[in-house]
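Quantities reported herein were computed from a predicted structural model and do not represent experimental measurements. Ligands are counted one by one from 1 in listed order, and the atoms in each one are counted from 1 as well.
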Amino acid sequence: MSNEKAYYGQFGGQYVSESLMNTLAEVDAAFEEAIHDPEFLKQYHYYLKQYVGRETPLYYAERLSEKYGTRIYLKREDLNHTGAHKINNVIGQILLAKRMGKTKVIAETGAGQHGVATATGAALFNMDCTVYMGAEDIERQKLNVMRMEMLGATVVPVHSGSNTLKDATNEAIRTWAKTAEDTFYIIGSAVGPYPYPKMVKEFQSCISREAKRQFAEEVGGLPDVVMACVGGGSNSIGMFADFIEEKSVRLIGVEAAGLGIETGKHASAMALGKPGVLHGMKSYLLQDDDGNVELAHSISAGLDYPGVGPEHAYLKDSGRAEYVSITDVEAMDALMELCKLEGIIPAIESAHAMAYAFKLAEKMTPEQSIIVCLSGRGDKDVNTIADYLAGKGYLN
Ligand SMILES: *Cc1c(COP(=O)(O)O)cnc(C)c1O
């Protein structure tokens, strides 16, 4: 492929059908124009402030810090409208869709969090909204299906492959190829063909832009470590973005180790994946010896993705960021710890990052500091947590 800017090292690219190449070029041109237009940026920041509720606090978790022996700060994305970071990106992409004259949006969703954020944005901006969701996930995530329908979206069940997120994404891409004239595809993570990884990073980078300034004002200087959980990689790339050039800051992405990476039931694409192509991009993917994409496995639906965004694959290979993994059990222990010591019920996804923060803190000094991206709140996970605590564990 000749389009060099579409790549992060060997990763990224535009592995899509010929008919979508033009569409992607149009999206890229419109995006580049928009983010250099003060009017667009003004609108975007207006909705982030007045609708989403930004900026989110950088909260010093005093009791956790005392217990674990280093300063722990939480970037409170859980306080955003709709309960997670996904809305930051949806507002940006939907404003872009409007600017391009589109009247319809489509999205894929796994657990339903991105679907809910997209349905929310579509209601706000009066766009027709269709969300593709695996039939299996529709069954598992009834609450979010109801929320999307209340917000006016049509949820389309996808019956193919494993009936989950991977298949819903394929269906959304296929539909887009036929309807791009009036339809914008809102991708929910830092994945997909170029320019999506770039756009999602841009719209999530408010997380690190705020955190960097807040840390400088409240504490002074730079944190020693910045970390976030990694599903497709959007909250983490947003948390890393403004620190990538600050070489003294360690960047750590935390993947889901599920039942343990040695069991084969996990979602650690960085630890055990190999480079391959999925959803229009080249990146690290969980795959078998024949190159078939394998099912990911995690107690948290939002980390249950067999790949990772291409810039993360590049940050890993270049050594700028480190990637580690945390099991279901470790994440659930960290989740309960955060409830009891700070009065915050985190999303199970975010609890993975917390769990690694606790491990790392024990090797750090009381003067050092970690910022953890608390990507979302745990209300959506209460049933899963109840099942887990009842000793049923995670059966799949
Ligand atoms: C979707 C989701 C994630 C995982 O997605 P990323 O793109 O890796 O950020 C993490 N946390 C929460 C709360 C989510 O809803």
Side-chain angles (χ1 to χ4, degrees), residues 56 74-90 93 107-118 120 131 133 137 141 143-144 147 165 168-169 186-192 196-197 199-201 203-208 227-241 252-256 267-270 279 281 283-284 296 298-313 315 321 323 325-326 331 334-335 338 344-356 372-382 384-385:
T56 60
L74 307 178
K75 183 58 176 157
R76 299 289 308 274
E77 294 302 301
D78 60 314
L79 296 177
N80 288 329
H81 179 45
T82 70
H85 66 290
K86 293 218 168 61
I87 191 88
N88 302 329
N89 168 51
V90 165
Q93 287 196 44
E108 81 296 336
T109 200
Q113 291 305 109
H114 175 56
V116 168
T118 303
T120 299
V131 178
M133 189 167 184
D137 288 336
Q141 308 289 337
L143 179 71
N144 277 341
R147 291 168 80 195
L165 174 61
T169 308
I186 301 188
I187 295 187
S189 190
V191 299
Y196 280 94
M199 293 198 294
V200 175
K201 179 188 188 185
F203 292 136
Q204 291 294 0
S205 61
C206 53
I207 301 174
S208 53
M227 63 173 75
C229 65
V230 178
S234 71
N235 87 90
S236 48
I237 205 71
M239 187 72 246
F240 292 175
I252 303 180
V254 185
E255 293 189 300
S268 301
M270 290 294 209
H279 300 148
M281 66 176 176
S283 192
Y284 281 113
S298 167
I299 191 167
S300 81
L303 302 185
D304 212 339
Y305 184 69
V308 65
E311 188 169 357
H312 286 292
L315 288 171
Y323 295 86
S325 31
I326 282 293
L335 182 145
L338 193 56
I344 296 171
I345 302 176
I348 303 176
E349 291 84 359
S350 323
H352 285 71
M354 290 307 314
Y356 193 74
V372 182
C373 183
L374 202 71
S375 55
R377 66 179 88 123
D379 308 32
K380 68 183 175 61
D381 294 325
V382 166
T384 308
I385 297 167

For ligand 1, which is the ligand I care about here, please tell me if Val230 has any N or O atom under 3.5 Å from one of the ligand's N or O atoms.
no
Is Lys380 in polar range of ligand 1, meaning some N or O pair under 3.5 Å apart?
no
Taking atom types as modelled and ignoring hydrogens, do the side chains of Glu349 and Asn235 form a donor-acceptor contact shorter than 3.5 angstrom?
no
Considering all heavy atoms of both residues, which atom of Ala190 and which atom of Pro197 are nearest to each other, and what is their separation?
O-CB, 3.8 Å
Between Leu303 and ligand 1, does any nitrogen or oxygen pair lie at a separation below 3.5 Å?
no
For atom 6 (P) of ligand 1, which of the options Ser234, Ser375, Ser350, Pro346 provides the nearest non-hydrogen atom?
Ser234
Residue Gln113 vicinity, atoms of ligand 1 by number, heavy atom under 4.0 Å:
15 (O)
Atom 2 (C) of ligand 1: the protein heavy-atom neighbour that sits closest, reported with distance to 0.1 Å
Lys86 NZ, 2.4 Å
If we number the atoms of ligand 1 from 1 as shown, the ones under 4.0 Å from a heavy atom of Ala347 are 13 (C)
For Gly376, the ligand 1 atoms with a heavy-atom partner under 4.0 Å come out as 13 (C)
One finds that the ligand 1 atoms under 4.0 Å from a non-hydrogen atom of Gly302 are 4 (C)
Using the rule side-chain contact (heavy atoms from CB on, under 4.5 Å), only one of His114, Gln204, Lys201 pairs with Ser234; which is it?
Gln204
Any side-chain donor near an acceptor of the partner, His312 and Ser236, under 3.5 Å
yes
For the residue pair Gly115 and Val131, what are the closest heavy atoms and their distance?
CA-CG1, 4.0 Å
Nearest-neighbour protein heavy atom for atom 7 (O) of ligand 1, which is reported as residue plus atom name and distance
Ser189 OG, 2.5 Å
Looking at Ile385, I'd like to know if its CD1 atom is crowded, meaning that more than 12 non-hydrogen atoms belonging to other residues, nucleotides or ligands lie closer than 6.0 Å.
yes
Here the atoms of ligand 1 under 4.0 Å from any heavy atom belonging to Cys229 are 10 (C)
Against heavy atoms of Gly231, which atoms of ligand 1 measure under 4.0 Å?
8 (O)
Side chains of His279 and Tyr196: donor-acceptor distance under 3.5 Å anywhere?
no
Under 4.0 Å from one or more heavy atoms of Gly233, ligand 1 contributes atoms 6 (P), 7 (O), 8 (O)
Any idea which part of His85 is under 4.0 Å from ligand 1, heavy-atom wise: side chain, backbone, both or neither?
side chain
Against Asn89, only a single residue in Gln93, His85, Lys86 fulfils side chain to side chain donor-acceptor pair (under 3.5 Å); can you say which?
Gln93
Heavy-atom side-chain proximity of Gln141 to Arg147 below 4.5 angstrom:
no
